[in-house]
Structure formats: C-alpha cells, structure tokens
There are 2 protein chains.
Amino acid sequence: MQTIEKLLESKDIRVTAMRLLIYKFLAEKEIAVTLSDIENAFEKADRTTLYRTIKTFEEKDIVHQIDDGTGITKYALCENGCNCEIETDLHLHFHCNNCNETICLTDHKIPQIKVPDGFVSENVNLVVKGICDKCSR
Amino acid sequence: MQTIEKLLESKDIRVTAMRLLIYKFLAEKEIAVTLSDIENAFEKADRTTLYRTIKTFEEKDIVHQIDDGTGITKYALCENGCNCEIETDLHLHFHCNNCNETICLTDHKIPQIKVPDGFVSENVNLVVKGICDKCSR
DNA sequence: TAATAAGTGCAATGGAAGTGCATTTGTTAT
DNA sequence: ATAACAAATGCACTTCCATTGCACTTATTA
C-alpha cells in the first residue's frame, strides 16, 4: 500500500510497521473504534504504543475523535479532504443503541446551530442515537 | 420548600434530608455539575450516597445526564415539563472551553436531524463548544 | 412494637486515560 | 560504514471516575 506511506509522509509522520498496520485496521473498519478494539486486534503490541499512535494520528488530522456518549472515546479515519478542525466541515455521528456501534455519517453535515447572544460557537458535537440500518432490518 | 417534597413524591421518590439538599443544590446551580462538584458541596456525605441519589433522580427524570466531551459526566435538573426522553424535547448544551462550565440552553431546541434510510433516530445529543457569555465579555 | 424495606456509609474493585523511564529502532552526519 | 542522535516502542506505574458488595442505620408498615 504505497499510498498509505505517502499519506503518512505528507503529514510528517514517520512510517513504521505499527502505524501502517493500525492505519489499515482503521481503514477496513467502517465504524469508529475504541482503544480496546485496537488492543484486541493487535495483542502483540503494547497498549501505550497503540495509544500514542492514535494520538499522533489525531494530532495530524488522520483520525478524529468521537464522543458518542458511551463514556469511551472512539476514533475513526478522516475522509479524504476531511477538515475535522473546521467547524463548517463537521459531520454527524450515529450511535446504535442495539449493536453499540458508532459510524460517521460523513455526508450528513451538521446544520447551523444558533446560540444566544454573547456565546461564541467554536465547535459542535452531534451524536444521533437510535437503531442503525443493520439492526433495523 | 414544600414543593420539592411534592415533586419527589409525585415521582415515587422517598423524601430524605439528603435528597432535598441535593435537589436544592442543583436548583441553585445554573450550570451542569459533576459528581465531584456535589461531593465538594457536601463533604459530610458519602460519595456513594450522592452517586446513588443522582442515579435515582436520573431514573425518575428529575435530572438529565450530559456528556459534554470532557470525559466527566455532568448532571442538570430537568426543567418543568422537560421530557428528556422525548426526542422532540431535546435541548442543546453549551460547553465553555474557557471556564469549563456547561449549561443547558433549554429554549434552544435541536433542529430536526435527517438520517439515512434504514436508520432510526431515537435520541440526539448536541453539545456546542466555544466561549460562553460570561467569558466573552 | 416487631418486621421489613429503603437509604446511607465504608471499603474495595474495575476500566480507561495518561506519564516516566529504559530499551530498541531508525535517521543523519561525519 | 559507523558514531551520534532522535524518534518509536514496551513495561510499569499512577490517577481519576464510575460502580458494586456488604454492613449498618433510618424510615415505613403490619
């Protein structure tokens, strides 16, 4: 996967075996994953390494953090051209109360939210909870 | 405060000194509070009691839980007639990145969110982050 | 007033996040 | 090529919040 290496390099991240594996793992997943998920997938690797890898990815805008209300932070790959830090680019997340999975609804942007005078909106976190398409069938 | 007692009884919650105090504490606060906040306010009481009291309040829809992304769950009193469990009644929460306080914007209802076919929306959690009115002055 | 249920307090557990330090691996310059 | 250096990884440990089990106290009801 030459492309992943290029991507990492373009973000000033050194290419290591671990990072390639974790990137691939995230890319295969369509859902947001917890640190434990990654841990289970790579039992040979140390938790700290996985933790720091994810944090590195997060800093470099390769993954974004999701707070779906379960109390456990999840992570998902940013899409091509995803600018997580830009407010207007924020998409919403769907958390299934049945299978407990959280997915990015990338093409569903968050509508403009009005806040009272004096309040300055910098960021919006929107999680819709319910039953996902797999579980509702 | 006869009214608080009536309220608790109407929700099938036994009136105790502790519960009245905690209710009053929450009523005085305009912001959402953490368990630690309550703990600090009632140093004589045990943490467990406070925890279970809040949980009881939550079950009976007297308070609602707020996940503002700080990783610490906060709680706030439901307003009169607030039906937290009803989707259409959901208000949004504002978290100030400066003073770290979270408040309910009760009169700001969450706009209708469209989800893809197959997805069933049951609940929406919306947290706007930024600078609150006190800090922006 | 005895019996019972609910509320409270103490102690302990578990899970996730985060940090310090030693070791290994990779990069760069001589 | 190799020494010097920087980054990455692994291990151990700590902290913080959430949660539970059990004993004890308080309130309710028969």
Side-chain angles (χ1 to χ4, degrees), chain A residues 4-26 32-60 62-76 95 100 102, chain B residues 4-26 32-60 62-76 95 100 102:
Chain A
I4 300 181
E5 301 187 8
K6 294 282 184 197
L7 173 66
L8 294 183
E9 280 169 6
S10 75
K11 301 263 188 178
D12 282 325
I13 301 176
R14 279 207 197 160
V15 177
T16 69
M18 206 64 252
R19 288 174 178 172
L20 287 174
L21 285 173
I22 294 178
Y23 189 96
K24 284 181 195 170
F25 175 75
L26 292 170
V33 299
T34 65
L35 199 56
S36 298
D37 291 336
I38 305 178
E39 224 180 314
N40 294 333
F42 299 96
E43 293 187 343
K44 299 158 202 157
D46 187 76
R47 230 179 52 75
T48 313
T49 305
L50 304 175
Y51 172 74
R52 287 202 252 243
T53 301
I54 277 288
K55 285 296 170 191
T56 303
F57 282 2
E58 198 188 346
E59 276 171 23
K60 304 291 185 175
I62 287 185
V63 303
H64 59 274
Q65 194 174 332
I66 301 164
D67 181 9
D68 63 7
T70 56
I72 304 165
T73 46
K74 296 185 178 179
Y75 303 90
H95 176 75
N100 206 34
T102 298
Chain B
I4 300 179
E5 302 188 8
K6 295 281 184 197
L7 173 66
L8 294 183
E9 280 169 6
S10 74
K11 301 262 190 181
D12 282 325
I13 301 175
R14 278 205 198 161
V15 178
T16 68
M18 207 63 251
R19 288 174 179 171
L20 287 174
L21 285 173
I22 294 178
Y23 188 98
K24 283 181 194 168
F25 175 74
L26 292 169
V33 299
T34 65
L35 199 55
S36 298
D37 292 336
I38 305 177
E39 223 181 315
N40 294 333
F42 300 95
E43 292 187 342
K44 298 158 203 159
D46 187 77
R47 197 188 152 70
T48 312
T49 303
L50 305 173
Y51 173 73
R52 288 201 253 243
T53 300
I54 277 289
K55 285 297 171 191
T56 302
F57 282 2
E58 198 187 347
E59 277 170 23
K60 304 291 185 175
I62 286 185
V63 304
H64 59 273
Q65 192 174 333
I66 301 164
D67 181 9
D68 63 7
T70 56
I72 304 165
T73 46
K74 297 185 178 177
Y75 303 90
H95 176 75
N100 206 34
T102 298

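Proteins get letters first, then strands, A, B, ... in listed order; numbering begins at 1 in each. None of the values given here were measured: they were computed from a predicted structure.
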Quick one, A:Lys55 with A:Gln65, criterion side-chain contact (heavy atoms from CB on, under 4.5 Å). Give me CA distance, side-chain angles, the key distance, then yes/no.
CA-CA 9 Å; A:Lys55 285 296 170 191; A:Gln65 194 174 332; 4.1 Å; yes
Is there a ring pair (Phe, Tyr, Trp, His ring centres under 6.0 Å) between A:Phe42 and A:Phe25? Walk through the geometry before answering.
CA-CA 10 Å; A:Phe42 299 96; A:Phe25 175 75; 5.7 Å; yes
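Taking only side-chain nitrogens and oxygens, B:Thr73 comes nearer than 4.0 Å to OP1 or OP2 of D:dA18. Of the side-chain N and O atoms in B:Thr16, one or more sit less than 4.0 angstrom from OP1 or OP2 of C:dT8. A sub-4.0 Å separation between OP1 or OP2 of C:dC10 and a side-chain N or O of B:Thr48 is absent. Look at A:Tyr51 and you won't find any side-chain N or O under 4.0 angstrom from OP1 or OP2 of C:dA17.
We find that CZ of A:Arg52 is positioned 15 Å from C1' of C:dA16, with the value rounded to whole Å. The CG atom of A:Asp12 sits 19 Å away from the P atom of C:dG26 (whole-angstrom rounding). One atom, CG of A:Leu20, and another, C1' of C:dG26, lie 14 Å apart when rounded to the nearest Å. Regarding B:Arg19, its CZ atom lies at a distance of 11 Å from the C1' atom of D:dA27, rounded to whole Å. Residue A:Leu8 contributes atom CG, which lies 15 Å from atom P of C:dG26 at whole-angstrom precision. Summarising the geometry, the separation between CD1 on B:Ile54 and P on C:dT8 is reported as 13 Å, rounded to the nearest angstrom. If you measure from atom NZ of A:Lys55 to atom C1' of C:dA17, you get 8 Å, rounded to the nearest angstrom. Atom CD of A:Glu5 and atom P of C:dG26 are 13 Å apart (whole Å).
Inter-residue side-chain proximity for B:Tyr51 and B:Arg47 is flagged as unmet; no heavy-atom pair is nearer than 4.5 Å.
A salt bridge links A:Lys74 with A:Asp68: the closest approach of a Lys/Arg side-chain nitrogen to an acidic carboxylate oxygen falls below 4.0 angstrom. Between A:Glu9 and A:Lys6, none of the side-chain N atoms (NZ, or NE/NH1/NH2) sits under 4.0 Å from a carboxylate O, so this pair counts as no salt bridge.
With the nearest nucleotide of DNA chain C identified for both A:Arg47 and B:Met18, B:Met18 has the one nearer the 5' end.
Of the candidate nucleotides C:dA16, C:dG9, D:dG10, C:dA16 has the atom nearest to the side chain of A:Ser36. Closest to the side chain of B:Arg14, from the set C:dA16, D:dA8, C:dG7, is C:dG7.
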